[in-house]
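Report on the structure given below.
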Amino acid sequence: MSKRLVVALSGGVGGAKLALGLSRVLPADELLVVANTGDDFEHLGLSISPDVDTLTYVLAGLDNPVTGWGRRDETWSFMDSIGELGGEDWFRLGDRDLALHVERTRRLRLGQTLSEVTSDICRRLGIGVRVVPMSDDRVRTRLRSDAGWIDFQDYFVRQQCRPVVHELTFDGATLARPQADIMAALRSGDVRAVIICPSNPFISIEPILAMSGMREAIKVSDAPVVAVSPIIGGQAVKGPTAKMMGELGLEASAAGVAARYGDLLDGFVVDHADAAIGKVGARITIAKTLMTSLHDRETLARVTLDAAEALASR
Ligand code: FO1
């Protein structure tokens, strides 16, 4: 019998677009979306899981099309009021979005795991596919920059990615246990592809790969690993990927992304703008990787699955 499961590794905004495409071309029980939690933090007394939430909102059709994060049809009374009071308003929690953070925090304090909370919220919001945080254990991305060591959201949101980055660490990653369903899937012998969504390799995908046992489990699954480049023609579609690559001494290009993933990759999907990429140690597929419409998301999902299929039948 042919293998059924697709495991997609994703960060927030960019990755969620492909995750949505995959969710629309695959049966719900054949897709497992693994969300980065290195960006998670505690803010205003709440447990915030930005990438889990972006994936949740996107897959539920509740995402904010203007920001890419947070909820659609948002209002900002809470933020305005907290600003008036001299409180912390640099990280924008909309009124509707706030409910999710309050409810997650309440349940975590009662002893539920992040995966249990995520699974129940996804079910309540009508999401059929499984979205799992990479771990229920605490992992925190930190950056060494010209402004010293900084927590991820401080760098990303408060300082708008301005500091020059020299190094990243994922505190807790080597001790964190990858979420049980991910390991069970990878060990099941039923995985037909591991897809690395077009997310920032350093801040979204490497925290997932940094957990002990994760890279090995992907290798042992024997499934083809296909990444979609988050860089098009030397530019990041959104966010600091290209800037960071330059600062870390890497070539800010699709080839630079492939080099970073190294021998983990079997296939690499790049945009037509990068058709001249040359040899990178993974089989190249050229496609339209800029996803502006739902049709683009579905088409890229099919192209990526086809690339994995072609690698599996070698
Ligand atoms: N990103 C911003 O650039 N500014 C914000 O104020 C902001 C608030 C926010 C609230 C909830 C949430 O789930 C995400 C939010 N994000 C915000 C996005 C997020 O912090 C980053 O995009 C990711 O962590 C990077 O993947």
Side-chain angles (χ1 to χ4, degrees), residues 8-20 33-60 62-80 82-83 87-105 108 114 117-118 121-122 125 127 131 133-134 138-143 150-163 165 168 170-171 196-208 230-231 236-244:
L9 313 184
S10 180
V13 182
K17 291 182 182 177
L18 185 64
L20 177 63
V33 182
V34 178
N36 167 45
T37 59
D39 300 6
D40 291 15
F41 75 135
E42 291 67 42
H43 184 61
L44 303 175
L46 301 170
S47 297
I48 316 275
S49 293
D51 289 356
V52 172
D53 291 354
T54 299
L55 282 160
T56 303
Y57 289 143
V58 166
L59 292 167
L62 295 172
D63 54 304
N64 186 326
V66 180
T67 55
W69 47 264
R71 267 191 83 146
R72 73 169 59 227
D73 303 325
E74 193 54 283
T75 54
W76 301 94
S77 304
F78 170 71
M79 271 293 109
D80 293 345
I82 216 152
E88 293 205 51
D89 60 358
W90 58 273
F91 192 82
R92 312 279 303 155
L93 297 176
D95 300 332
R96 287 173 183 273
D97 185 32
L98 183 61
L100 175 49
H101 308 299
V102 169
E103 180 55 13
R104 172 172 39 234
T105 305
L108 290 174
L114 182 59
V117 178
T118 305
I121 285 170
C122 285
L125 295 181
I127 299 171
V131 179
M134 67 189 204
R138 181 190 169 97
V139 179
R140 295 290 181 269
T141 298
R142 303 193 74 232
L143 307 98
I150 343 176
D151 292 342
F152 177 75
Q153 296 298 345
D154 189 353
Y155 163 78
F156 195 89
V157 176
R158 200 204 302 246
Q159 304 199 49
Q160 302 277 297
C161 308
R162 277 186 299 265
V165 176
L168 289 98
F170 311 115
D171 285 1
I196 301 182
C197 290
S199 298
N200 182 314
F202 314 102
I203 58 183
S204 302
I205 304 299
E206 287 183 8
I208 304 177
I231 298 271
V237 175
K238 191 169 191 278
T241 312
K243 174 180 178 281
M244 261 186 177

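The model shown is predicted, which means the values in this text are computed figures rather than measured ones. FYI, side chains are in, hydrogens and waters are out, and symmetry mates aren't considered; it's all heavy atoms of this structure. Just follow the structure's listing: the first ligand is 1, and inside any ligand the first atom is 1.
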How far is atom 1 (N) of ligand 1 from its nearest protein heavy atom, and which residue and atom name does that atom have? Trp69 NE1, 3.2 Å

Any idea which protein heavy atom is nearest atom 19 (C) of ligand 1, and the distance to it? Pro50 CB, 3.9 Å

Describe, in one word, how the ring planes of Phe41 and Trp90 are oriented to each other, choosing from parallel (under 30°), tilted (30 to 60°) and perpendicular (over 60°). tilted

Give a yes or no answer on whether the side chain of Thr105 reaches the backbone of Ser47 with a donor-acceptor pair at less than 3.5 Å. yes

Examine Gln153 against ligand 1 and note whether any of their N/O atoms are separated by less than 3.5 Å. yes

Minimum-distance protein heavy atom relative to atom 25 (C) of ligand 1: Asp39 OD2, 3.1 Å

Looking only at side chains, do Asn36 and Ser204 share a donor and an acceptor under 3.5 Å apart? no

Glu74 meets the salt bridge (charged side-chain N to carboxylate O under 4.0 Å, His left out) criterion, sequence neighbours left out, with none

The test is side chain to side chain contact (heavy atoms under 4.5 Å, CB included); show your working for Met244 and Leu143 and say whether it passes. CA-CA 11 Å; Met244 261 186 177; Leu143 307 98; 3.7 Å; yes

Tell me: protein heavy atom nearest atom 6 (O) of ligand 1, and distance? Arg92 N, 2.8 Å

Those residues at least two apart in sequence (or on a different chain) that pass salt bridge (charged side-chain N to carboxylate O under 4.0 Å, His left out) with Arg71 are none

For atom 9 (C) of ligand 1, grab the closest protein heavy atom and report residue, atom and distance to one decimal in Å. Phe91 CZ, 3.2 Å

Ligand 1 N/O within reach of Asp53 N/O, cut-off under 3.5 Å: no

Just jot down the ligand 1 atoms closer than 4.0 angstrom to any heavy atom of Asp97, in number order. 10 (C), 11 (C)

Can you find an N/O atom of Thr54 closer than 3.5 Å to an N/O atom of ligand 1? no

For atom 22 (O) of ligand 1, the protein heavy atom that lies nearest, with its residue and separation: Phe156 CE2, 3.6 Å

Quick one: nearest non-hydrogen protein atom to atom 26 (O) of ligand 1, plus distance? Asp51 OD1, 2.9 Å

Any heavy-atom pair between the side chains of Asp63 and Arg72 that's under 4.5 Å? yes

Distance under 4.0 Å to a non-hydrogen atom of Phe152: what atoms of ligand 1 satisfy this? 24 (O)

Interatomic distance, Leu125 atom CG to Leu62 atom CG [nearest 0.5 angstrom]: 6.0 Å

Heavy atoms only, cut-off 4.0 Å: how does Trp90 contact ligand 1, side chain, backbone, both, or neither? backbone

Flag side-chain contact, heavy atom, 4.5 Å: Glu206 against Leu168: no

